Amino acid sequence: MKTITIGKTLISVLSGDITAWTGDIIVNAANSGLLGGNGVDGAIHRIGGPEIMEQCKEIRKLQGGCPPGHAVITGAGNLDAKHVIHTVGPIWEGGGRGEAQTLADCYRSSLQLANEVGARSIAFPNISTGIYGYPKSPACDVALKAVSEFLREDRQDNRLEQIDFVCFESDNTDLYVQWLEHYV
Ligand code: AR6
C-alpha cells in the first residue's frame, strides 16, 4: 500500500476487489442506463444485491439515467458501505472527444456527492479503464490530478479523510503506486 496526504485527507492505493472494501462510499463505474453490466458494475450489483438495482431504476424513472461525467447515489445493499455512487466514465474514442474532461468530471462529481452526504471515506475503481477502453496510464493521471485538485481547493465542505484507489489489475496498481507521490 502506498499513501500520500493532502490537507487532512489520506489518499491510498490498494489492490483487490472493491466489493470487499469497507467504508462510507463505494464508487461504481456504471453506464448511462444504470441497469448494470459487466466488470466492476456487475460485481457491485451481484454482491450488493437487488436493492441497489431497484434504486437505480427509480433514478432512471426520475431523470432517465446518468450522463457521462455525472454521478448518482444509492444505498449499498449488502456491501459493507453506506452508499454506492454510480458514475459514468467516457468510452475511449481516441482522446479527441473530451474523454479526459469527462473522466475528471466523474471523480469530481463523485467527490462532490460524497461530501453532500457527509462521507468520510470513499473507494474508487479505475473508471473507464476496462470495457470502456481508456488507456490506463493517462486514466491514472486524470484520476490523481482530479482528486488532488479537488482537495487543494479551499473547500469548507470537505469531510473526506480517506480516499482509496482500489486497483483490480496489477498494472493499474503499479501505475498508481508509481505516480501517487507526484501529486502531493
Ligand atoms: N473491483 C475493483 N475493480 C474492478 C472490479 C472489482 N471487483 N472488477 C473490475 N474492476 P470496467 P469501465 C476494474 O470494465 O471501463 C460495465 O459493463 C477493471 O479491472 O468495470 O468504466 C458498465 O456497465 C478496470 O480497471 O468499467 C459499463 O457498461 C476498472 O474496474 C462499462 O462496463 C473499470 O473497468 C463501464 O466500463
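All ligand and atom numbering here is 1-based and tracks the order in the structure. Since the structure is predicted, the reported quantities are computational estimates derived from the model, not experimental observations. Both backbone and side-chain heavy atoms feed into the values below; hydrogens, waters and symmetry mates do not.
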Backbone or side chain, does any N or O of Ile131 fall under 3.5 Å from an N or O of ligand 1?
-> yes
Contact check, side chains of Ser128 and Glu99, non-hydrogen atoms, under 4.5 Å = no
Assess Gly89 for proximity to ligand 1: is some non-hydrogen atom of it under 4.0 Å away?
-> no
For atom CZ of Arg97, decide whether the heavy atoms of other residues, nucleotides or ligands shown that lie under 6.0 angstrom number more than 12.
-> no
For Gly36, the atoms of ligand 1 under 4.0 Å from one of its heavy atoms are 23 (O)
Atoms in ligand 1 flagged as close to Ala29, the criterion being non-hydrogen separation under 4.0 Å = 21 (O), 22 (C), 26 (O), 35 (C)
Side chain to side chain, Phe168 and Ile18, heavy atoms closer than 4.5 Å = no
Would you say Ile18 has any N or O atom under 3.5 Å from an N or O of ligand 1, going by distance alone?
-> yes
Please work out which of Arg46, Lys136, Glu169, His86 has its closest non-hydrogen atom nearest to atom 18 (C) of ligand 1.
-> Glu169
For atom CH2 of Trp92, is the number of surrounding heavy atoms from other residues, nucleotides or ligands below 6.0 Å larger than 12?
-> yes
d(Leu34 CG, Ile59 CD1) to nearest 0.5 Å is 6.5 Å
Judging by distance only, is a nitrogen or oxygen of Asp41 under 3.5 angstrom from one on ligand 1?
-> yes
So which of Glu51, Lys57, Glu58, His86 actually passes side chain to side chain donor-acceptor pair (under 3.5 Å) with Thr74?
-> His86
Report yes if some N/O of Gly130 lies less than 3.5 Å from some N/O of ligand 1; otherwise report no.
-> yes
Could you find the nearest protein heavy atom to atom 13 (C) of ligand 1 and give me its residue, atom name and distance?
-> Phe168 CB, 3.8 Å
Heavy atom of the protein closest to atom 21 (O) of ligand 1 (residue, atom name, distance) = Ser128 N, 2.8 Å
Is any NZ, NE, NH1 or NH2 atom of the basic residue among Asp24 and Lys82 found under 4.0 Å from an Asp or Glu carboxylate oxygen of the other?
-> yes
Quick note on ligand 1: atoms under 4.0 Å from a heavy atom of Gly37 include exactly 17 (O), 23 (O)
Give yes or no for whether the N/O distance cutoff of 3.5 Å, strictly under, is met between Val40 and ligand 1.
-> yes
The closest protein heavy-atom partner of atom 31 (C) of ligand 1 is Tyr132 CE2, 3.5 Å
Hey, does Thr19 sit under 4.0 Å from ligand 1 if you only count heavy atoms?
-> no
Best match, Asn38, Asn172, Asp171, Thr129: closest heavy atom to atom 24 (C) of ligand 1 = Thr129
Protein contact to atom 29 (C) of ligand 1 [nearest heavy atom, distance to 0.1 Å] = Asn126 O, 3.2 Å
Begin with the C-alpha distance, continue with both residues' side-chain angles, and end with the deciding distance and a verdict on side-chain contact (heavy atoms from CB on, under 4.5 Å) for Ile11 and Phe165.
-> CA-CA 8 Å; Ile11 306 177; Phe165 290 102; 3.6 Å; yes
Side-chain contact test, heavy atoms from C-beta onward, threshold under 4.5 Å: evaluate it for Tyr183 versus Leu151 and give yes or no.
-> no
Could you tell me whether Glu181 and Lys2 make a salt bridge, using a distance below 4.0 angstrom between a side-chain N and a carboxylate O?
-> yes
Heavy atom of Gly42, distance to ligand 1 below 4.0 Å = no
Between Asp17, Asn28, Leu14, which one has a non-hydrogen atom sitting closest to atom 7 (N) of ligand 1?
-> Asp17
Is there side-chain contact between Tyr176 and Ser15, with at least one heavy-atom pair below 4.5 Å?
-> no
